Structures are given as C-alpha cells and as structure tokens.
**Q** 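Here it is: the structure, laid out below.
A, B, ... follow the sequence lines: proteins, then strands. Residue 1 opens every chain. The figures that follow rest on heavy atoms only: side chains count, while hydrogens, waters and symmetry mates do not. Nothing here was measured: the structure is a model prediction, and the numbers come from that model.
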Amino acid sequence: MSHLHIDWTACDGRGLCAELLPELLAEDDWGYPVARHGKTQPTVPRHLEDVARRAVDRCPALALRLVNDPS
Amino acid sequence: MTETLWYAGRGTGVVSLVLLTIVVALGIGARSGRTAFGLPRFAVNMLHRNAALLALVLLAGHVGSLYFDPYAQLRLVDVVLPFTGAYRPFWLGLGTLGFDLILALVASSLLRHRLGARSWRIVHWLAYLCWPVALMHGLQTGSDGDSWWLRTVLALCAALVLAAVAWRLSSPFTQFPARVTRRVRALQETR
Ligand code: HEM
Ligand code: SF4
C-alpha cells in the first residue's frame with residue numbers, strides 16, 4: 001500500500017489530480033483536491049497506483065508525492 | 001538522392017514549425033487551467049507534451065537530412081553552435097539556436113521532478129523566445145521564403161500564437177477558471 005502526499009503550499013488547485021483519481025479525490029469549490037474518505041493523505045489501493053503515479057507526474061505544480069507505506 | 005534530402009529537409013522543417021505552433025498554443029491552453037475540445041485538463045497537458053516530443057523527432061529529421069544534403073554544406077558546429085555557418089549565417093544560426101532551446105525545454109521538462117517547479121518554470125519561459133526564433137529561421141533561411149504557400153502557413157502559425165499570447169496576457173486568463181463539469185476517467189468508464 002501507499003498513500004498520496006499533497007504539498008498544500010505548492011498545490012495550485014488546478015484539478016488534474018481529481019480528474020485522474022476520482023475514486024480518491026474530489027474537488028472543493030476552488031479546485032483544490034479533497035480526499036473522498038476523509039483522510040488528509042488518502043491511501044492508494046494497489047490497483048490505483050499506476051494512475052496515482054501518472055497524477056504525480058502530471059501535476060503542474062509538482063505538489064504530489066506517492067509515499068510507500070511499509071507493510 | 002540529393003534532391004530527396006532537400007525535400008525531406010524542407011518538409012520536416014515546415015511540419016515541425018506547425019507542430020511547434022500547436023505546442024505553444026497547447027502549453028498556454030494547459031496553463032490556463034481550462035478544459036479544451038471536450039478534453040479534461042490532464043489530457044490537454046499530455047497533448048502538449050506529446051506534440052512537443054513529436055516536434056523534436058521531426059526536428060531531428062530536419063537537421064539530419066540537411067546535414068547530409070551536399071548543397072546545404074552544414075558542418076557539425078553549425079548544428080550545435082549558432083551563428084557560425086557559411087550560408088546566411090544569421091538566419092541559419094537562428095535555427096541552431098531554436099534547436100538548442102527546444103533541447104533545453106524538452107530535457108528540463110522530462111527532468112521536471114528533479115529540477116523542481118521553480119527552475120523548470122524559468123527554463124520553460126524560453127518557449128516564448130524559441131518560437132519566434134524558429135519562425136524567423138523558417139522564413140529567411142530556406143529556398144521557400146518567397147513562396148506564397150510558405151508565407152501563408154507561417155502567417156497562420158503567427159496568427160495562432162499571437163492570439164494565444166494575447167489571451168495569456170489578458171486579465172481573465174489568470175482568474176480562477178469558470179467551474180466546468182469535468183470529464184472524469186473512472187466514472188465515465190463505469191457508467
Ligand atoms: C517534453 C516536453 C515538454 C513538457 C513535458 C512540457 C510540459 C509543460 C507543462 C507541465 C506546462 C505547464 C502547464 C500548466 O501549468 O498546467 C507547460 C507550459 C508551456 N509549455 Fe511546455 N512542455 C514541453 C515542451 C515544450 C516546448 C518544446 C514548448 C515550445 C517551444 C513548450 C511551450 C510551452 C508554453 C508556451 C507553455 C505555457 C507557459 C506559460 O505561459 O506559463 N513546451 N509545458
Ligand atoms: S494536480 Fe497538483 S496542483 Fe492540481 S490540484 Fe492536484 S495537487 Fe493541486
């Protein structure tokens with residue numbers, strides 16, 4: 001498992017990540033991502049890791065990081 | 001054979017300028033944070049990146065075929081160092097400069113995560129220098145500079161980029177984009 005770390009000082013609210021990961025993220029009214037399940041750093045299930053990596057790669061502000069959780 | 005190289009050199013040159021025009025327009029479109037052509041933001045972003053990579057491939061073909069063209073008489077330095085060529089050195093040099101700039105733009109973008117957002121952005125602003133440099137090179141260096149078709153193509157490219165830059169500089173550009181319903185990957189697939 002891993003989780004998505006969002007650097008709020010860098011995030012620009014551009015919403016690419018919520019488009020790519022609608023299962024985990026919704027957008028608030030200003031375009032900033034909010035985790036659907038209430039955690040500030042949403043857990044990324046294995047089947048979504050590839051898309052999560054794509055979101056990390058594409059974020060225009062480089063505000064996302066996929067962090068591996070030791071299991 | 002030699003004619004083929006010349007035709008290939010001209011063809012790839014024109015097509016890469018058209019592509020570069022599209023790349024700049026898509027880059028500005030991506031920066032605006034808006035969706036376009038019914039595509040979500042990440043897709044506009046990918047389109048910008050992939051068009052840039054394609055433009056680079058064509059550009060390699062353009063430089064490569066003219067390098068081996070016996071008439072163009074390019075030396076290896078002309079490919080790397082601007083303003084050293086024998087034939088129309090200034091205009092040829094603009095081409096070399098444009099090529100170096102694109103290499104820098106693409107390389108820095110592929111290494112964006114290592115460079116960090118700030119340095120990457122500074123390098124990426126060179127795009128606004130790169131495009132006019134490439135345009136002037138295309139207009140003045142080759143054998144087609146006086147032809148109506150090349151002038152038409154270049155004028156259309158210039159119109160597109162000027163419109164995009166004017167939009168970039170206008171104040172609504174940086175205002176928060178109007179909320180649009182977004183196309184969302186998974187929800188679309190499951191419905
Ligand atoms: C692999 C190559 C490239 C990648 C991955 C890339 C990536 C990006 C990204 C992520 C943005 C920001 C979009 C946003 O903020 O949402 C951007 C903007 C832009 N790109 Fe590129 N780019 C590449 C090559 C190029 C090239 C070759 C050009 C033009 C010569 C170019 C011109 C632009 C322009 C004009 C902008 C808008 C910049 C601004 O006004 O802030 N890009 N690009
Ligand atoms: S893609 Fe990046 S900048 Fe855009 S909302 Fe997500 S984290 Fe923020």
**Q** Does this structure show an ion pair linking A:Asp50 with A:Arg53, if we count only N-O contacts that are shorter than 4.0 Å?
**A**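 Yes, charged N to carboxylate O under 4.0 Å.
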**Q** Between B:Ser109 and B:His124, does any side-chain donor sit less than 3.5 Å from a side-chain acceptor?
**A**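 Indeed, the side chains of B:Ser109 and B:His124 share at least one donor-acceptor pair under 3.5 Å.
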**Q** Less than 4.5 Å to any heavy atom of chain A: does that hold for the side chain of B:Ala43, its backbone, both, or neither?
**A**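 For B:Ala43, there is no contact with chain A at all, as no heavy atom is under 4.5 Å.
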**Q** Kindly determine whether B:Tyr128 and B:Ile28 satisfy side-chain contact (heavy atoms from CB on, under 4.5 Å), including the steps that lead there.
**A** CA-CA 10 Å; B:Tyr128 293 110; B:Ile28 293 175; 3.4 Å; yes
**Q** Taking side chain as everything from C-beta outward and backbone as N, CA, C, O, which of these in B:Arg121 sits under 4.5 Å from a heavy atom of chain A? Side chain, backbone, both or neither.
**A** side chain
**Q** Of the backbone (N, CA, C, O) and the side chain (C-beta and beyond), which part of A:Cys17 lies under 4.5 Å from a heavy atom of chain B, both, or neither?
**A**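 No part of A:Cys17 comes within 4.5 Å of chain B.
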**Q** Looking only at non-hydrogen atoms, find the nearest pair between B:Phe42 and A:Glu19 and report the distance.
**A** N-OE1, 3.0 Å
